[in-house]
Visitor: 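This is the structure I want to talk about, given as structure tokens.
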Amino acid sequence: MKTIATLAFAAATLWAGLANAGSVTVSDAWARASAGPARAGAAFMMIMNKGEADKLVAAKADVGQTTELHTHIKEGDVMRMRRVDSVPVPAGGMAMLQPGGYHVMFMKLKAPLKEGSTFPLTLTFEKAGDVTVTVTVKAAGAMGGGHMHMQHAPGTMKKSN
């Protein structure tokens, strides 16, 4: 009986970290805790796509006055954040929103993001529509959900068969 309860809890925990809209599934949504008086924050996640190519075209959350899609670009020897209109999610592939690449940016935070807290984030995809995920706030220096660090074009990867 204890094993069944443990398995049920593990399944519920895994399911709680997933959200989907049609062929698009979002998992491992997280943000860093605010450092000091920071007025901006960012969220990261993995987006899997089992269907045709799609794009993440918008995001909204109540933690800041503005929510935008961003990426990092290199200008000379300096990495800079830039707003983007969309994040590609390839057919049969995935997009990784991660530090140093694509991410959801929250500006003019209404309150600091506190480690251990959560908040809802609604993502809008061009084809799949809206999907709402729960973002978990990790330590200020966190680097990821602990799954994988990939070397590829910022944020996107097509799954090979």
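Each residue takes its place number in the sequence, starting with 1. Hydrogens, waters and symmetry mates are skipped; everything else that's a heavy atom, side chains included, is used.
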Visitor: So do Glu68 and Met81 actually touch side chain to side chain, heavy atoms under 4.5 Å?
Guide: no

Visitor: Quick check: is Met105 connected to Leu109 through a chain of hydrophobic side chains (ILVMFWY, heavy atoms under 4.5 Å apart)?
Guide: no

Visitor: Please find the pair of heavy atoms, one from Ala31 and one from Ala42, that lie closest to each other, and give the distance.
Guide: CB-O, 3.1 Å

Visitor: Could you give the distance from OH (Tyr102) to CG (Leu97), rounded to the nearest 0.5 Å?
Guide: 9.0 Å

Visitor: Ring-plane angle category for Phe106 and Phe119, please: parallel below 30°, perpendicular beyond 60°, tilted otherwise.
Guide: perpendicular

Visitor: Looking at residues at least two apart in the chain, or sitting in another chain, which of them share a salt bridge (charged side-chain N to carboxylate O under 4.0 Å, His left out) with Glu115?
Guide: none

Visitor: Less than 4.5 Å apart, any side-chain heavy atom of Phe44 and any of Asp28?
Guide: no

Visitor: Is there a side-chain contact between Ile47 and Thr25 in this structure, where contact means two heavy atoms from C-beta onward sitting under 4.5 Å apart?
Guide: no

Visitor: Rounded to the nearest 0.5 Å, what separates atom CG in Leu123 from atom CG in Asp130?
Guide: 8.5 Å

Visitor: Counting only heavy atoms not in Lys110, do more than 12 fall under 6.0 Å of its NZ?
Guide: yes

Visitor: Kindly indicate, with the supporting measurements, whether the criterion side chain to side chain contact (heavy atoms under 4.5 Å, CB included) is fulfilled by Val89 and Glu126.
Guide: CA-CA 10 Å; Val89 186; Glu126 184 176 70; over 6 Å; no

Visitor: By salt bridge (charged side-chain N to carboxylate O under 4.0 Å, His left out), which residues pair with Asp85, not counting sequence neighbours?
Guide: Arg83

Visitor: Please report the closest heavy-atom contact between Ser23 and Gly51, naming both atoms and the distance.
Guide: CB-N, 3.4 Å

Visitor: Can you name the closest pair of heavy atoms from Ala95 and Pro88 and give their distance?
Guide: CB-O, 3.6 Å

Visitor: Show the nearest heavy-atom pair for residues Gly41 and Leu113, with the distance to one decimal.
Guide: CA-CD1, 4.3 Å

Visitor: So, the side chain of Ser86 versus the backbone of Val57: is there a donor-acceptor pair under 3.5 Å, distance only?
Guide: no

Visitor: Where the side chain of Lys127 meets the backbone of Ala53, is there a donor-acceptor pair that is under 3.5 Å apart?
Guide: yes

Visitor: Starting from the C-alpha separation in whole Å, work towards a yes-or-no answer on side chain to side chain contact (heavy atoms under 4.5 Å, CB included) for Leu69 and Val104.
Guide: CA-CA 5 Å; Leu69 304 176; Val104 177; 4.1 Å; yes

Visitor: What is the distance from atom CH2 of Trp30 to atom CE of Met46, rounded to the nearest 0.5 Å?
Guide: 13.5 Å

Visitor: Supply the atom-to-atom distance Met48 CE to Met96 CE, rounded to the nearest 0.5 angstrom.
Guide: 10.0 Å

Visitor: For a quick check under 3.5 Å, do Thr136 and Thr118 share a side-chain donor-acceptor pair by atom type?
Guide: no

Visitor: Looking at CG of Asn49 and CG of Leu56, how far apart are the two atoms once the value is rounded to the nearest 0.5 Å?
Guide: 11.5 Å

Visitor: How long is the straight-line distance from NE2 of His103 back to CZ of Arg32, given to the nearest 0.5 Å?
Guide: 9.5 Å

Visitor: Under 3.5 Å, side chain of Asp54 to main-chain N/O of Phe125, donor-acceptor pair present?
Guide: no

